[in-house]
A.B. asks: 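Dropping the structure in here first, questions after.
All of these numbers come straight from a predicted model, not from anything done at the bench.
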Amino acid sequence: MHFDLTDLRLYLNILDTGNITAGAARSHLSLAAASARIRAMEASLGIEFLQRNRRGVTPTPAGKALAQHARTLLQQAERMQQDLAEYANGVKGQVRLLCNTTAITEYLPELLADFLRNHRNLDIDLQELPSARITHALRQGAADLGIVSNAVDTEGLQTRAFRDDPLVLILPTGHPLGEQASPTFADTLKHDYVALGANSALAIHLEEQALHIGQRMQIRIRADGFDSVMRMVARGAGLAIVPRIAVERWQARQPLLSRALGEDWANRSLKLCARDFATLPAYARALLQALSPTTP
């Protein structure tokens with residue numbers, strides 16, 4: 001075998017993104033160079049690692065085995081780099097952090113900016129995913145840390161409290177549902193919605209909740225970010241479900257109504273999680289400490 005770390009990172013990036021083009025871009029390689037590297041890896045053993053199809057690529061059984069070993073090797077290489085960093089100037093570490101929509105937009109910008117300012121030799125690979133995909137990635141060793149909703153199964157992972165993060169229904173003033181103190185999610189599905197983008201972790205979560213009760217959300221428009229959603233709701237475009245923290249910082253002139261939702265999944269909290277906090281690389285432990293609440 002003649003695999004190097006660039007080959008292994010490329011291969012994992014292709015698996016994570018689902019196609020060679022996106023994996024090449026994430027690896028800062030041209031499509032031609034990435035394809036040549038993958039072909040060389042397969043030719044060196046006479047084994048196919050990827051099944052190609054119209055929708056992208058999926059790993060073969062051999063490819064799944066390669067992915068497990070590649071993640072282990074890259075994690076060991078990163079830990080070696082961190083351990084040696086104190087002996088060299090300018091050596092940088094990188095933490096891969098996976099978060100749901102609310103964490104990435106409402107809680108993390110200032111926390112991560114402060115962390116980066118205080119740790120000049122560390123970078124953060126930040127990605128938004130639904131909570132269930134985050135826990136899967138952590139179990140597979142594809143990330144260092146995650147922030148997920150307490151609604152997902154975290155068996156096999158270690159967790160710490162991060163923030164309380166209830167979801168609330170917002171409505172334009174004068175909307176019929178505004179007369180109810182605590183409307184149910186099913187009540188709202190009879191009305192039009194303003195939603196986040198289709199790839200947003202929260203949008204995916206809400207649409208899954210609707211399907212669980214045999215209904216669909218009537219989405220009239222999708223907006224980019226909570227501020228855009230709230231501005232459209234305030235002007236009467238429809239209903240929306242957003243984190244309460246987003247409503248609390250709403251300072252626009254247009255008024256809107258906010259109502260609590262009675263469903264358990266709406267009264268959520270967020271948790272920090274990892275496979276094992278004690279075995280995280282030093283730089284990932286530093287980020288964990290920066291994100292952990294100062295009080296229980």
Side-chain angles (χ1 to χ4, degrees), residues 3 5 7-19 22-23 26-27 49-51 56-80 82 93-104 107-108 112 123-163 165 199-202 204-205 208-209 212 265 268-292:
F3 302 169
L5 295 181
D7 291 333
L8 297 179
R9 288 193 183 94
L10 168 64
Y11 180 71
L12 293 179
N13 284 337
I14 290 171
L15 292 190
D16 289 344
T17 58
N19 65 78
R26 180 179 285 187
S27 303
F49 295 128
L50 297 172
Q51 292 178 334
V57 296
T58 56
T60 64
K64 291 179 180 178
L66 173 62
Q68 292 179 343
H69 289 292
R71 296 192 197 284
T72 299
L73 288 170
L74 289 173
Q75 288 171 353
Q76 290 175 340
E78 290 178 1
R79 288 170 184 168
M80 177 184 68
Q82 179 64 24
Q94 185 181 72
V95 188
R96 189 170 191 207
L97 173 63
L98 306 180
C99 306
N100 67 2
T101 307
T102 310
I104 213 167
Y107 296 109
L108 289 180
L112 295 184
D123 296 335
I124 298 173
D125 179 4
L126 179 64
Q127 185 178 355
E128 178 186 346
L129 288 175
S131 291
R133 288 185 60 189
I134 294 173
T135 55
H136 176 73
L138 289 170
R139 292 187 185 102
Q140 296 297 313
D144 297 301
L145 292 168
I147 299 179
V148 302
S149 163
N150 65 328
V152 299
D153 178 18
T154 56
E155 183 178 359
L157 301 174
Q158 293 185 351
T159 65
R160 290 185 186 179
F162 179 63
R163 296 287 190 281
D165 186 48
N199 293 325
S200 159
L202 179 57
I204 293 169
H205 175 65
E208 288 176 347
Q209 295 304 322
H212 286 166
W265 54 261
R268 66 181 188 173
S269 60
L270 300 181
K271 299 189 289 188
L272 286 158
C273 52
R275 284 203 295 182
D276 185 349
F277 292 134
T279 61
L280 286 172
Y283 50 85
R285 291 199 304 271
L287 179 58
L288 172 67
Q289 185 62 34
L291 297 180
S292 297

A.B. asks: Please step through side chain to side chain contact (heavy atoms under 4.5 Å, CB included) for the pair Tyr283 and Ile124, ending with a clear verdict.
C.D. replies: CA-CA 10 Å; Tyr283 50 85; Ile124 298 173; over 6 Å; no
A.B. asks: For Leu287 and Leu145, what are the C-alpha separation, side-chain angles and deciding distance, and is it a side chain to side chain contact (heavy atoms under 4.5 Å, CB included)?
C.D. replies: CA-CA 9 Å; Leu287 179 58; Leu145 292 168; 4.1 Å; yes
A.B. asks: Ignoring hydrogens and angles, write down the donor-acceptor pairs under 3.5 Å from the side chains of residues 56-68, residues two or more places apart or on other chains.
C.D. replies:
{"from": "Thr58", "atom 1": "OG1", "to": "Gln51", "atom 2": "OE1", "distance (Å)": "3.4"}
{"from": "Thr60", "atom 1": "OG1", "to": "Glu48", "atom 2": "O", "distance (Å)": "2.7"}
{"from": "Thr60", "atom 1": "OG1", "to": "Phe49", "atom 2": "O", "distance (Å)": "3.4"}
{"from": "Thr60", "atom 1": "OG1", "to": "Ala62", "atom 2": "N", "distance (Å)": "3.4"}
{"from": "Thr60", "atom 1": "OG1", "to": "Gly63", "atom 2": "N", "distance (Å)": "3.0"}

A.B. asks: I'd like to check the side-chain hydrogen bond (donor to acceptor under 3.5 Å, both in side chains) partners of Arg160; sequence neighbours left out, ordered by chain and number.
C.D. replies: Ser292
A.B. asks: CG of Leu12 to CG of Asp7: how many Å apart, nearest 0.5 Å?
C.D. replies: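 One finds 11.0 Å between CG of Leu12 and CG of Asp7.
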A.B. asks: List the atom of Leu5, the atom of Ala77, and the distance in Å for their closest heavy-atom pair.
C.D. replies: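 Smallest heavy-atom distance, with atoms named: CD1-CB, 4.1 Å.
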A.B. asks: So which atom in Leu126 and which in Cys99 form the shortest heavy-atom distance, rounded to 0.1 Å?
C.D. replies: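 Taking Leu126 first and Cys99 second, the nearest heavy atoms are CD1-SG, 3.8 Å.
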A.B. asks: Taking C-beta and beyond as the side chain, do Thr154 and Val148 meet within less than 4.5 Å on heavy atoms?
C.D. replies: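 Heavy-atom side-chain distance check passes, below 4.5 Å.
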A.B. asks: Would you list the atom pairs, donor with acceptor, under 3.5 Å between side chains in residues 272-280 and any protein atom, with sequence neighbours excluded?
C.D. replies:
{"from": "Asp276", "atom 1": "OD1", "to": "Ala278", "atom 2": "N", "distance (Å)": "3.0"}
{"from": "Thr279", "atom 1": "OG1", "to": "Asp276", "atom 2": "O", "distance (Å)": "3.2"}

A.B. asks: What is the distance from atom CH2 of Trp265 to atom NE2 of His212, rounded to the nearest 0.5 Å?
C.D. replies: 11.0 Å
A.B. asks: Are Tyr11 and Phe3 side-chain neighbours, meaning at least one heavy-atom pair lies under 4.5 Å?
C.D. replies: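 Not in contact.
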A.B. asks: Partners of Leu73 by side chain to side chain contact (heavy atoms under 4.5 Å, CB included), sequence neighbours excluded?
C.D. replies: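 Partners of Leu73 by the side chain to side chain contact (heavy atoms under 4.5 Å, CB included) criterion, ordered by chain and then number, come out as Leu8, Gln76.
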A.B. asks: Measure across Ala137 and Leu98 and return the closest heavy-atom pair with its distance rounded to 0.1 Å.
C.D. replies: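 Shortest heavy-atom separation between Ala137 and Leu98 comes out as CB-CD1, 3.6 Å.
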A.B. asks: Tell me whether Asn13 contacts the main-chain N or O of Arg9 through its side chain, where contact means a donor paired with an acceptor under 3.5 Å.
C.D. replies: yes
A.B. asks: Can you sort out the partners of Asn150 under side chain to side chain contact (heavy atoms under 4.5 Å, CB included), two or more places apart, ordered by chain and number?
C.D. replies: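 For Asn150 the side chain to side chain contact (heavy atoms under 4.5 Å, CB included) partners, ignoring immediate neighbours, are Arg268, Ser269, Lys271.
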A.B. asks: Please report the shortest heavy-atom distance between Asp16 and Arg26, naming the atom on each side.
C.D. replies: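 Between these two residues, the closest heavy atoms are CB-NH1, 3.7 Å.
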A.B. asks: Do the side chains of Val152 and Ile134 get nearer than 4.5 Å, heavy atoms only?
C.D. replies: no
A.B. asks: Does any non-hydrogen side-chain atom of Ile14 lie less than 4.5 Å from one of Asn19?
C.D. replies: no
A.B. asks: Evaluate side chain to side chain contact (heavy atoms under 4.5 Å, CB included) for Leu97 paired with Asp125, printing each intermediate quantity in order.
C.D. replies: CA-CA 6 Å; Leu97 173 63; Asp125 179 4; over 6 Å; no
A.B. asks: Flag the pair Tyr107 / Ile147 as yes when at least one side-chain heavy-atom distance between them is below 4.5 Å, and no otherwise.
C.D. replies: no
A.B. asks: Taking only residues at least two apart or on different chains, which pairs with a member in residues 135-147 satisfy salt bridge (Lys or Arg N to Asp or Glu O under 4.0 Å)?
C.D. replies: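 Salt bridge (Lys or Arg N to Asp or Glu O under 4.0 Å) check on residues 135-147 returns no pairs.
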A.B. asks: Using the side chain to side chain donor-acceptor pair (under 3.5 Å) rule, collect all pairs that involve residues 126-135, keeping only residues at least two apart or in two chains.
C.D. replies: Arg96-Gln127, Thr101-Glu128
A.B. asks: Can you sort out the partners of Asn199 under side chain to side chain contact (heavy atoms under 4.5 Å, CB included), two or more places apart, ordered by chain and number?
C.D. replies: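 For Asn199 there are no side chain to side chain contact (heavy atoms under 4.5 Å, CB included) partners, ignoring immediate neighbours.
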A.B. asks: Might you point out which heavy atoms bring Ala143 and Leu138 nearest each other, and give the distance in Å?
C.D. replies: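 Minimum heavy-atom contact is O-CD2, 3.6 Å.
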